[in-house]
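Notes for the one structure printed next.
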Amino acid sequence: MSAPISAAYSYCEAVTGAQARNFAYGIRLLPADKRQAMSALYAFSRRVDDIGDGTLPAEAKFARLEETRALLGRIRAEEIDEDDTDPVAVALAHAARRFPIPLGGLDELIDGVLMDVRGETYETWDDLKAYCRCVAGAIGRLSLGVFGTVNASGPRASEAARAAEYADTLGLALQLTNILRDVREDAANGRTYLPAEDLAKFGCSDGFHGDRAPAGADFAGLVHHEVRRARALFAEGYRLLPMLDRRSGACVAAMAGIYRRLLDRIEREPEAVLRGRVSLPPHEKAYVAVRGLSGLDARTVSRQSTRRRP
């Protein structure tokens with residue numbers, strides 16, 4: 001690897017370590033080449049998210065997002081030289097040559113952030129699911145391009161063909177957990193992601209603007225409803241684990257496990273999300289990583305899949 005490409009990856013890893021602690025924790029379990037590629041994917045995705053979350057006026061955000069899409073087109077066309085001044089583009093272009101990364105997933109991410117800039121809201125879960133597939137399901141599919149799948153034959157062959165679907169579903173589970181965790185922060189930024197029909201059902205249509213639930217609202221009921229939905233998504237998405245090699249499976253199990261534990265905390269104390277960001281202490285993250293490295297989660301899912309198979 002040349003010095004410019006190595007420096008580009010180092011920059012992306014620094015961005016990842018500073019901006020995404022849970023993600024950075026998980027990818028530490030990967031071999032160097034996959035860890036570098038995942039950092040490049042994160043750094044590009046972070047750039048897209050930062051445009052959407054920034055303070056620029058909407059028209060300027062639209063322009064910046066289209067410029068980023070054009071850069072992605074140059075990466076796809078292999079027009080980025082290793083001495084390019086944009087380290088994220090250099091690293092992502094190199095990663096895309098190393099691994100079969102479906103770069104169209106980053107176009108989907110841009111589409112999802114454009115939805116944020118337009119201030120779109122979601123009437124039903126199906127509406128929200130379309131948004132989540134853009135901003136999170138696509139990341140799952142992009143990551144699968146880096147992870148790859150282990151050779152599958154016999155009765156597992158048809159299951160392995162669904163790996164991208166499971167990766168997409170696991171992304172949805174993570175995103176719905178994020179939405180629950182960040183409900184007050186999003187409200188402060190003028191954003192509402194939870195489906196309007198769910199908010200109305202539980203008396204929460206007035207939104208969340210303080211450290212207590214709206215008067216008369218069944219906020220706990222709303223949270224538990226969404227937690228059940230997220231758990232079903234995790235259960236389906238976890239079927240990806242036996243299809244991955246040991247270290248890739250450990251990485252996915254660690255990241256997903258952290259979010260599942262966040263979901264447990266949110267379920268136990270729903271109003272905690274109105275008081276501040278719910279997070280896990282380092283020792284719990286370490287425990288999740290050990291479970292992932294041991295292959296325990298993958299073996300559990302594999303046994304469950306075998307029992308379900310006719």
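For reference, positions follow the sequence shown, starting with 1. Here the structure is a predicted model, which means the values were calculated and not measured.
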### Query
Which word best sums up how the rings of H225 and F202 line up, parallel for under 30°, tilted for 30 to 60°, or perpendicular for over 60°?
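Judged by the thresholds at 30° and 60°, the geometry between H225 and F202 is tilted.
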Is a side-chain N or O of [X] found less than 3.5 angstrom from the main chain of [Y], in a donor-acceptor match?
X    : Y    : value
D182 : E185 : no
D186 : V183 : no
Y9   : A95  : yes
D81  : D83  : no
R35  : R28  : no

Distance, nearest 0.5 Å, that separates [atom1] of [X] from [atom2] of [Y]:
X    : Y    : atom1 : atom2 : value
E123 : L199 : CD    : CG    : 9.5 Å
L142 : S45  : CG    : OG    : 7.0 Å
L106 : C134 : CG    : SG    : 12.0 Å
S39  : R46  : OG    : CZ    : 14.0 Å
M115 : Y122 : CE    : OH    : 4.0 Å
L92  : H94  : CG    : NE2   : 11.5 Å

### Task
Please determine, by modelled atom types, if T169 and E236 share a side-chain donor-acceptor pair under 3.5 angstrom.
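The answer is no; no qualifying pair exists.
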### Sole candidate of L56, L114, D116, D53 that passes side chain to side chain contact (heavy atoms under 4.5 Å, CB included) when paired with K61
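Running side chain to side chain contact (heavy atoms under 4.5 Å, CB included) over L56, L114, D116, D53 with K61 returns exactly one hit, L56.
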### Message
Using side-chain contact (heavy atoms from CB on, under 4.5 Å), reason through F44 and L109 one step at a time and then give a plain yes or no.
### Response
CA-CA 10 Å; F44 190 94; L109 174 62; 5.7 Å; no
